[in-house]
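Report on the following structure.
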Amino acid sequence: MSKEVRVRFAPSPTGALHIGGVRTALYNYLFARKKGGKFLLRIEDTDQNRFVPGAEDYIKSSLDWIGIAPDESPWNPGDCGPYRQSERKPMYMEYARYLLEQGHAYYAFDTSEELDAMRQRLTAARVVSPQYNSITRTQMKNSLTLPADEVKARLDSGDPYVIRIKIPRKEEVRLNDMVRGWVMVHSNSLDDKVLMKSDGMPTYHLANIVDDHLMGITHVIRGEEWLPSAPLHVLLYKYLGWEDSMPEFAHLPLLLKPDGNGKLSKRDAEKHGFPIFPLNWTDPISGELVDGFRESGYLPEAFLNFLAFLGWNPGDQRELFTLDELVEAFSIERIGKSGTKFDINKAKWYNEQYLRNKSDKVLAEYLLADLKKENISVSQEKAEKIVAVMKERATFPSDLWQEGRFMVFAPKKFDEQVAAKKWNQDAIKVLTTFRVKLAAIDAVLTAQLAREMLGEAAAAEGIKLGKVMQAVRLAITGVGAGPDLMQIFEILGKEELIKRIDFALDNIVAS
RNA sequence: GGUCCGUUCGUCUAGGGGUUAGGACGCAUCCCUUUCACGGAUGAAACACGGGUUCGAUUCCCGUACGGACUACCA
């Protein structure tokens, strides 16, 4: 029997959660569900300088929005807590000490000025990669170069120090990535990364390995930006004696800019006018607001579906998937290797698909909510009729109202181009006759009845209905295009129609 | 610069030693329709380049180019 799958999403609370992060979380979630395992969330807040208030709530809300809440998290702890690295601070030193004892790590006392000087010296000497490594460490202030008593004295006196990993000089480090296959790196291209910072906090590298091990993580699914440091992580598992339980790695392709190249960034959102964050976010320091998919009118199921397909596909030609269907279809093997450009058109298309699949009842709620903001009230019945005819042309729920304002408000002005082309004596005659007929009926105006009456009006004037339809539409809605006119007539009703015809007759100026 | 990763229509991608290289978004045309939209149909549109290996390569290998990530006491 194989071990229960446990995966984690491990964001840093340094600002709004980027869409790429949401995708990483989603893939982790899908994999966990598919394998009947657990999806955990761990907050990686070891850098106290970069902590941003509210970022953690933002992460939670984002995942909740698309329905992928973690099984274990700071706000829903399991047996492996705490789930914030800052709260796990006391746990890391033990492992750093073990590394020290085993000779795989050492104390370093260099100041940042000394480190800068070292890098400058190496750069000046045209060393290809100036780094703290097996060669340069012999010239720096650390427990490898300093006499033992001085090291002890420094530690005892509370001198600031860091603990660095001692990367072996000649070793081939390899890992079998689930999306990329074998990746090999020679240890001489690795540097002696800091494991414990002088403030007593671990760096990402140590904390990550320790926590993943302690939390029983079986698969690490994360962004490709981590691939270069994965060999370091492999080495840490080995030195900590956890090689046998080392998780499998899957490095996800990055999300790229829609135009040109480069990683998708906040600037792209501003430049192209579409969101790249799941929810609205106001920076607590600058006060700057960035738009979210949710507030921009994207439905969570559409956003989710869109996101899943950024770098993954099911291998067949289906494109519309619910979360459950995604779970069913998901596999890491079908994740692509290359970076993915972000195309907002596809996101809009998904939104349209999901919007149209919603019932008129649900859609009416969106409409009613928008109407309420403007203190307009219409009946549930009328709202449902309106959305029924509007939904085929809407991308966002707000379009239901924005594109259909004429359903409530009579036009005050009329599209001049349409008026110039279509408004003529024939139109005026037909409308006038139609108005008379309308005033004479008692029955409730249905689309079918409206159609008959308008046809009769045209026939009475000896005019082909098709010739004047657009003018009629103009008179009633103010514009030249829209949903089926007879449906609009039915929704508007007799009285409103008469009013609008009268107004149009008085106000449209024919050219 | 160095290390690592990648490269099929504009975009997301399927495929894989012999295919008319398939689908989706977007675009165009046509049909439906009183209009627009929806829907339907059709079309334009791709294997980065150069060498191998092979009877045959877009597919395998090697280079080149291009792109990306990383190169902090940030994650």
Side-chain angles (χ1 to χ4, degrees), chain A residues 10-14 44-47 49-50 85 108 110-112 115 119 123 126-132 160-164 177 179-181 183-186 188-191 193-199 201-205 207-208 222-231 251 253-254 256-263 306 309-320 334 336-350 352 356 389-394 403 418 422 451 454 464-474 477 479-486:
Chain A
S12 287
T14 55
E44 308 229 324
D45 56 351
T46 53
D47 185 354
N49 301 318
R50 294 211 309 161
Q85 288 183 330
D110 316 278
T111 63
S112 58
L115 290 170
R119 289 188 191 106
T123 307
R126 272 179 255 171
V127 171
V128 285
S129 54
Q131 52 187 20
Y132 209 117
Y161 66 88
V162 300
I163 297 173
R164 288 179 180 272
D177 188 274
V179 342
R180 268 147 238 284
V183 176
M184 263 162 280
V185 175
H186 198 91
N188 63 16
S189 69
L190 267 26
D191 62 344
K193 280 268 182 297
V194 169
L195 263 21
M196 291 295 291
K197 300 186 267 191
S198 55
D199 64 359
M201 274 290 200
T203 58
Y204 170 84
H205 300 106
N208 189 262
R222 68 205 331 182
E224 194 188 353
E225 67 269 26
W226 294 108
L227 194 52
S229 54
H251 287 94
L254 261 17
L256 271 18
K257 291 179 184 300
D259 60 344
N261 296 292
K263 203 157 70 156
F306 167 69
F309 272 71
L310 252 28
W312 171 87
N313 74 82
D316 56 37
Q317 301 192 325
R318 292 175 298 160
E319 298 217 76
L320 263 12
R334 296 211 64 88
K337 290 178 171 60
S338 49
T340 300
K341 278 183 195 161
F342 184 92
D343 181 10
I344 199 68
N345 272 326
K346 195 84 179 205
K348 285 183 182 168
W349 178 78
Y350 273 114
E352 288 162 1
R356 281 175 208 145
V389 302
M390 292 306 299
K391 69 178 171 188
E392 294 301 319
R393 58 227 310 118
E403 302 294 315
V418 180
K422 303 285 183 181
R451 161 107 235 192
L454 195 60
K464 270 193 81 178
L465 185 57
K467 288 260 186 197
V468 297
M469 272 307 266
Q470 232 186 325
V472 175
R473 173 181 294 281
L474 180 74
T477 69
V479 293
D484 181 79
L485 236 200
M486 299 309 133

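Below, each value reflects all heavy atoms present in this structure, side chains not excepted, and no hydrogens, waters or symmetry copies. Chain naming here is simple, since letters A, B, ... match the order of the sequence lines and numbering starts at 1 in each.
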Length of the line joining [X]:[atom1] and [N]:[atom2], which is rounded to integer Å:
| X | N | atom1 | atom2 | value |
| --- | --- | --- | --- | --- |
| A:D316 | B:C12 | CG | P | 20 Å |
| A:I344 | B:C12 | CD1 | C1' | 13 Å |
| A:R451 | B:U33 | CZ | C1' | 10 Å |
| A:E319 | B:C25 | CD | C1' | 8 Å |
| A:R334 | B:G16 | CZ | P | 9 Å |
| A:K422 | B:U34 | NZ | C1' | 9 Å |
| A:E225 | B:G67 | CD | P | 20 Å |
| A:L256 | B:U13 | CG | P | 10 Å |

If you measure from the [atom1] atom in [N] to the same atom in [M], how many Å do you get, rounded?
| N | M | atom1 | result |
| --- | --- | --- | --- |
| B:C66 | B:C73 | P | 31 Å |
| B:A48 | B:U8 | P | 6 Å |
| B:A45 | B:U11 | C1' | 12 Å |
| B:G1 | B:G16 | C1' | 38 Å |
| B:U64 | B:A72 | C1' | 33 Å |
| B:U19 | B:G26 | P | 32 Å |
| B:C47 | B:U42 | C1' | 24 Å |
| B:C70 | B:G63 | C1' | 24 Å |

Identify whether any heavy atom of [X] sits under 4.0 Å from a base atom; if not, whether one sits that close to sugar-phosphate; answer base, sugar-phosphate or nothing.
| X | result |
| --- | --- |
| A:R222 | nothing |
| A:D110 | base |
| A:P483 | base |
| A:S198 | base |
| A:V162 | base |
| A:G311 | sugar-phosphate |
| A:N208 | nothing |
| A:R356 | sugar-phosphate |
| A:R119 | sugar-phosphate |

Checklist line | Distance-minimising heavy-atom pair for A:R451 and A:L465 | finding: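 Heavy-atom minimum between the residues: NH2-CD2, 3.6 Å.
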Item checked: Shortest non-hydrogen separation from A:Q131 to A:N188 and the atoms involved ->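 Looking at all heavy atoms of both residues, the shortest contact is NE2-O, 4.0 Å.
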With side chains defined as the heavy atoms from C-beta onward, is the minimum distance between [X] and [Y] less than 4.5 Å?
| X | Y | result |
| --- | --- | --- |
| A:W312 | A:F309 | yes |
| A:D484 | A:V389 | no |
| A:M201 | A:M196 | no |
| A:M390 | A:P483 | yes |
| A:E224 | A:R180 | yes |

Would one find a side-chain N or O of [X] under 4.0 angstrom from OP1 or OP2 of [N]?
| X | N | answer |
| --- | --- | --- |
| A:T46 | B:A75 | yes |
| A:N313 | B:U13 | no |
| A:R164 | B:C73 | yes |
| A:K197 | B:A75 | yes |

What's the closest nucleotide to the [X] side chain, out of [options]?
| X | options | value |
| --- | --- | --- |
| A:L115 | B:C73, B:A75, B:U34 | B:C73 |
| A:Q317 | B:A75, B:A37, B:G22 | B:G22 |
| A:S12 | B:U34, B:A75, B:A37 | B:A75 |

Item checked: Main-chain N/O of A:L115 paired with A:D110 side-chain donor or acceptor, under 3.5 Å ->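 It does not hold such a pair.
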Next item on the list: Please check if the side chain of A:S198 supplies one atom and the backbone of A:P160 the other of a donor-acceptor pair under 3.5 Å.
Entry: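 No; judged by distance alone, with no hydrogens or angles, the pair does not exist.
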Applying a 3.5 Å limit to both distances, which nucleotide forms a Watson-Crick or G-U wobble pair with [N]?
| N | result |
| --- | --- |
| B:C32 | none |
| B:G43 | B:C27 |
| B:U58 | none |
| B:C70 | B:G2 |
| B:A14 | none |
| B:A65 | B:U7 |

Note to self: Both A:M196 and A:F309 contact RNA chain B. Taking the nearest nucleotide for each, which residue is further toward the 5' end?
What the structure shows: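 This one resolves to A:F309.
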Next item on the list: On RNA chain B, check which nucleotide each of A:L254 and A:H205 is closest to and give me the residue with the more 5' one.
Entry: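 Looking at RNA chain B, the more 5' nearest nucleotide goes with A:L254.
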All N/O contacts under 3.5 Å from nucleotides 2-11 of chain B to the protein, with atom names and distances to one decimal?
unit_1, atom_1, unit_2, atom_2, d
B:C5, O2', A:R180, NH1, 2.5
B:C5, O2', A:E224, OE2, 3.0

Notebook entry, point to check: Residues two or more places apart in sequence or in another chain: which of them pass ring pair (Phe, Tyr, Trp, His ring centres under 6.0 Å) with A:W226?
Noted result: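 Checked A:W226 against ring pair (Phe, Tyr, Trp, His ring centres under 6.0 Å); matches are A:Y204.
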Next item on the list: Output all residues satisfying side chain to side chain contact (heavy atoms under 4.5 Å, CB included) with A:P13, sequence neighbours left out; order by chain, then residue number.
Entry: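 Scan of A:P13 (side chain to side chain contact (heavy atoms under 4.5 Å, CB included), adjacent residues dropped) gives A:I43, A:D45, A:F51, A:A55.
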